[in-house]
Amino acid sequence: MRRGLLVAMAALLLAACGPEEPLRIGFIAELTGRSADLGEGARNAMMLVVDEFRAGGQLGRRPVEVIVRDVGADATSARRSAEELVAAGVEVIVGPMNSGSIDLIQPVTEAAGVLLLSPTASAVKFYGKDDHLFRLNSTTRDNGRHYAEHYHARGIRRIAVAVNQNNRAFSESWLEEFRRTYEAIGGEVLSAPFFDSSAPSYEQLAHQLLGERPDGLLVIGNAVDSARLAQQVHKLRPGTPMIVAEWAGTSQLIELGGKAVEGLMLLQNYNHEDDSPRFRAFQEAYRKRFGKAPVYSSVLTYDAGIAVLTALARRDAGMKMKQALLSFGPYEGLQQKIGFDANGDAKRVAYFMTVKDGRFVRE
């Protein structure tokens, strides 16, 4: 009997000395389709920040596993990807990037009690709720108001708007918030047609918008939408002032739009011209590893990673992820502090930008 007891104790000691169960973090984003540039930029940044934390020893010896899933083409694939992450036992899921994708994924994560942290989603419908959704970005209410006030003051008093119908949770909310402020200060929204990103041509849409003889055009769409429409507008009426929602502010806008997007105006939630050593180091590390420049989803996802990994490293045993994120902030992001209120909402400092000589330049 004594021999059996010794064998059992030895087995327990060996188990205790074995490798720890990995710390599993989920990542979900739009890795295919027209918003894939945002998803890829976010995924890259998530891998970068995890590797940097691991190399710096902040996470101890416990292995970290990032499980990546694509939102996919439809609601079924989005739910399936979320279910796979929950089944894998992730502590938290970073993503998705689009507000419309949250509508598909959140029922799964809420039912499982798994925290979902979106770096960029901004639809105001998600604001102020005590749930398992945290967000880093400002809301469509904040951004719509900023756009309305700024560009009305710049002399654009009559505007025609093109609205993406494929991410309606974002675009419809954005339009509503913009219109409310713009019309309250004397601006006029001449028309606001919804359009399908998969349309073979935007020529008819451009004719419709320009037919109103507006002071400027506003596109509430992604980078591909905005570049395609800008090209049509440039053919029909070059020099027309064009504004795009922050959703479009990636390098793909410039790569696809070319000369047609010169002078394009937008708001960005990070400072492209930041010359601080920390931000330069991030840019250099990102370029070296991925062969391209980071986009805004990269910056916000890197910040999301900082918050998640800091909270995981500092929490006590048994502390839930939601409690941990609320307990240890504000977190030192790349350019600004990340602080969550009791409902998991945060705000970003934003900057008005113009496309000039193939670059985003601050006004």
Side-chain angles (χ1 to χ4, degrees), residues 35 38 96-103 106 118-129 131 133-195 197 205 209 212 214-223 225-226 229 241-250 253 264-270 296-297 300 336 340-341 343-353 363:
S35 292
L38 295 184
M97 302 302 118
N98 290 346
S99 296
S101 297
I102 289 181
D103 282 333
Q106 192 179 11
S118 175
T120 58
S122 58
V124 75
K125 64 188 281 186
F126 302 125
Y127 177 79
K129 294 184 176 180
D131 53 17
L133 172 64
F134 278 43
R135 302 176 314 98
L136 257 68
N137 209 359
S138 295
T139 67
T140 50
R141 179 175 298 154
D142 299 318
N143 290 338
R145 183 180 70 250
H146 292 327
Y147 269 79
E149 292 171 347
H150 184 77
Y151 293 113
H152 185 273
R154 290 278 302 270
I156 298 175
R157 308 297 171 82
R158 300 170 69 255
I159 198 164
V161 188
V163 191
N164 174 288
Q165 72 177 23
N166 308 94
N167 184 18
R168 205 164 180 129
F170 167 82
S171 60
E172 195 166 34
S173 173
W174 204 105
L175 172 64
E176 180 182 342
E177 301 301 335
F178 172 83
R179 190 199 294 268
R180 180 181 292 116
T181 300
Y182 191 68
E183 292 181 345
I185 58 179
E188 182 182 1
V189 176
L190 300 172
S191 64
F194 282 80
F195 66 90
S197 275
L205 177 61
L209 297 169
E212 302 280 356
D215 297 331
L217 301 182
L218 167 62
V219 185
I220 307 174
N222 57 44
D225 296 337
S226 301
L229 185 54
M242 286 195 66
I243 305 163
V244 296
E246 66 279 5
W247 181 17
T250 72
L253 174 71
L264 209 68
M265 298 172 283
L266 71 160
L267 187 74
Q268 278 285 46
N269 45 28
Y270 78 102
Y296 74 85
S297 63
L300 269 70
Q336 52 191 282
F340 298 105
D341 66 18
N343 293 316
D345 296 309
K347 289 190 176 183
R348 300 285 299 186
V349 176
Y351 306 86
F352 283 100
M353 315 290 291
E363 289 186 6

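All values below come from the heavy atoms of this structure, side chains included, with hydrogens, waters and symmetry mates left out.
- Ser118 and Pro96 make their closest contact through OG-O, 2.6 Å (heavy atoms, listed as atom of the first residue, atom of the second, distance).
- With Arg157 contributing its side chain and His152 its backbone, the two residues share a donor-acceptor pair below 3.5 Å.
- With rounding to the nearest 0.5 angstrom, the CZ atom of Arg179 is 11.0 Å from the CG atom of Leu218.
- A side-chain donor-acceptor contact under 3.5 Å links Arg135 to the backbone of Ala121.
- Residues forming a side chain to side chain donor-acceptor pair (under 3.5 Å) with Asp215 (at least two apart in sequence, or on another chain): none.
- Lys125 contributes atom NZ, which lies 9.5 Å from atom CD1 of Ile102 (distance to the nearest 0.5 angstrom).
- A search for ring pair (Phe, Tyr, Trp, His ring centres under 6.0 Å) contacts involving His146 returns nothing, not counting sequence neighbours.
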**Request:** Just do the ring pair (Phe, Tyr, Trp, His ring centres under 6.0 Å) check on Tyr182 and Tyr151 with the steps written out, would you?
**Result:** CA-CA 9 Å; Tyr182 191 68; Tyr151 293 113; 9.6 Å; no
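- Minimum heavy-atom separation, Ala160 to Pro214: N-CB, 3.8 Å.
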**Message:** As a quick check of understanding, evaluate side chain to side chain donor-acceptor pair (under 3.5 Å) for Thr120 and Asn137, giving each step before the final call.
**Reply:** CA-CA 5 Å; Thr120 58; Asn137 209 359; 5.6 Å; no
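- The backbone N or O of Leu38 lies less than 3.5 Å from a partner atom in the side chain of Ser297, making a donor-acceptor pair.
- In this structure, CG on Asn269 lies 14.5 Å from NZ on Lys347, to the nearest 0.5 angstrom.
- Within the 4.5 Å cutoff, side-chain heavy atoms of Ile243 are placed close to those of Ile159.
- When atom types are taken as modelled, the side chain of Ser138 and the backbone of Arg348 share a donor-acceptor pair closer than 3.5 angstrom.
- Using a 4.5 Å cut-off on side-chain heavy atoms (C-beta onward), Phe178 and Asn143 make no contact.
- Closest approach of Gly221 to Ser226, counting heavy atoms only: O-OG, 3.8 Å.
- Of all heavy-atom pairs spanning Pro119 and Leu300, the tightest one is O-CD2, 2.9 Å.
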**Request:** Evaluate side-chain contact (heavy atoms from CB on, under 4.5 Å) for Met265 paired with Met353, printing each intermediate quantity in order.
**Result:** CA-CA 6 Å; Met265 298 172 283; Met353 315 290 291; over 6 Å; no
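- We find the CZ-OG distance between Arg141 and Ser173 to be 7.5 Å, quoted to the nearest 0.5 Å.
- A distance of 7.0 Å separates CG in Asp225 from CG in Asn166, rounded to the nearest 0.5 Å.
- With sequence neighbours left out, the side chain to side chain donor-acceptor pair (under 3.5 Å) criterion links Glu176 to Arg180.
- Put simply, the side chain of Asp345 gets close to the backbone of Gly128: a donor and an acceptor are under 3.5 Å apart.
- Contacts of Ser99 classified as side chain to side chain donor-acceptor pair (under 3.5 Å), with partners at least two apart in sequence or in another chain: none.
- Closest approach of Ile156 and Pro241 over heavy atoms only: CD1-CB, 4.3 Å.
- With contacts defined as side-chain heavy-atom distances shorter than 4.5 Å, the pair Phe195/Leu229 does not qualify.
- Under the salt bridge (charged side-chain N to carboxylate O under 4.0 Å, His left out) criterion, Lys129 pairs with no residue at all, not counting sequence neighbours.
- A perpendicular orientation is assigned to the rings of Trp247 and Phe170, their planes being inclined by more than 60° (bins at 30° and 60°).
- Here the side chains of Glu246 and Tyr296 are not in contact, with every heavy-atom distance at 4.5 Å or above.
- Under the 4.5 Å side-chain criterion, counting only non-hydrogen atoms from C-beta, Tyr147 is not in contact with Ile220.
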**Request:** Could you go through the side-chain contact (heavy atoms from CB on, under 4.5 Å) check for Thr140 and Tyr127 one step at a time?
**Result:** CA-CA 10 Å; Thr140 50; Tyr127 177 79; over 6 Å; no
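- When all heavy atoms of Leu209 and Ser191 are compared, the closest pair comes out as CD2-OG, 4.1 Å.
- For His150 (side chain) and Phe352 (main-chain N/O), no donor-acceptor pair under 3.5 Å exists by modelled atom type.
- The CD atom of Glu188 sits 5.5 Å away from the CZ atom of Arg158 when rounded to the nearest 0.5 Å.
- Formation of a donor-acceptor pair under 3.5 Å by the Asn98 side chain with backbone atoms of Gly100 is not found in this model.
- Within the 4.5 Å cutoff, no side-chain heavy atoms of Val163 are placed close to those of Glu172.
- For Phe194, there are no ring pair (Phe, Tyr, Trp, His ring centres under 6.0 Å) partners, not counting sequence neighbours.
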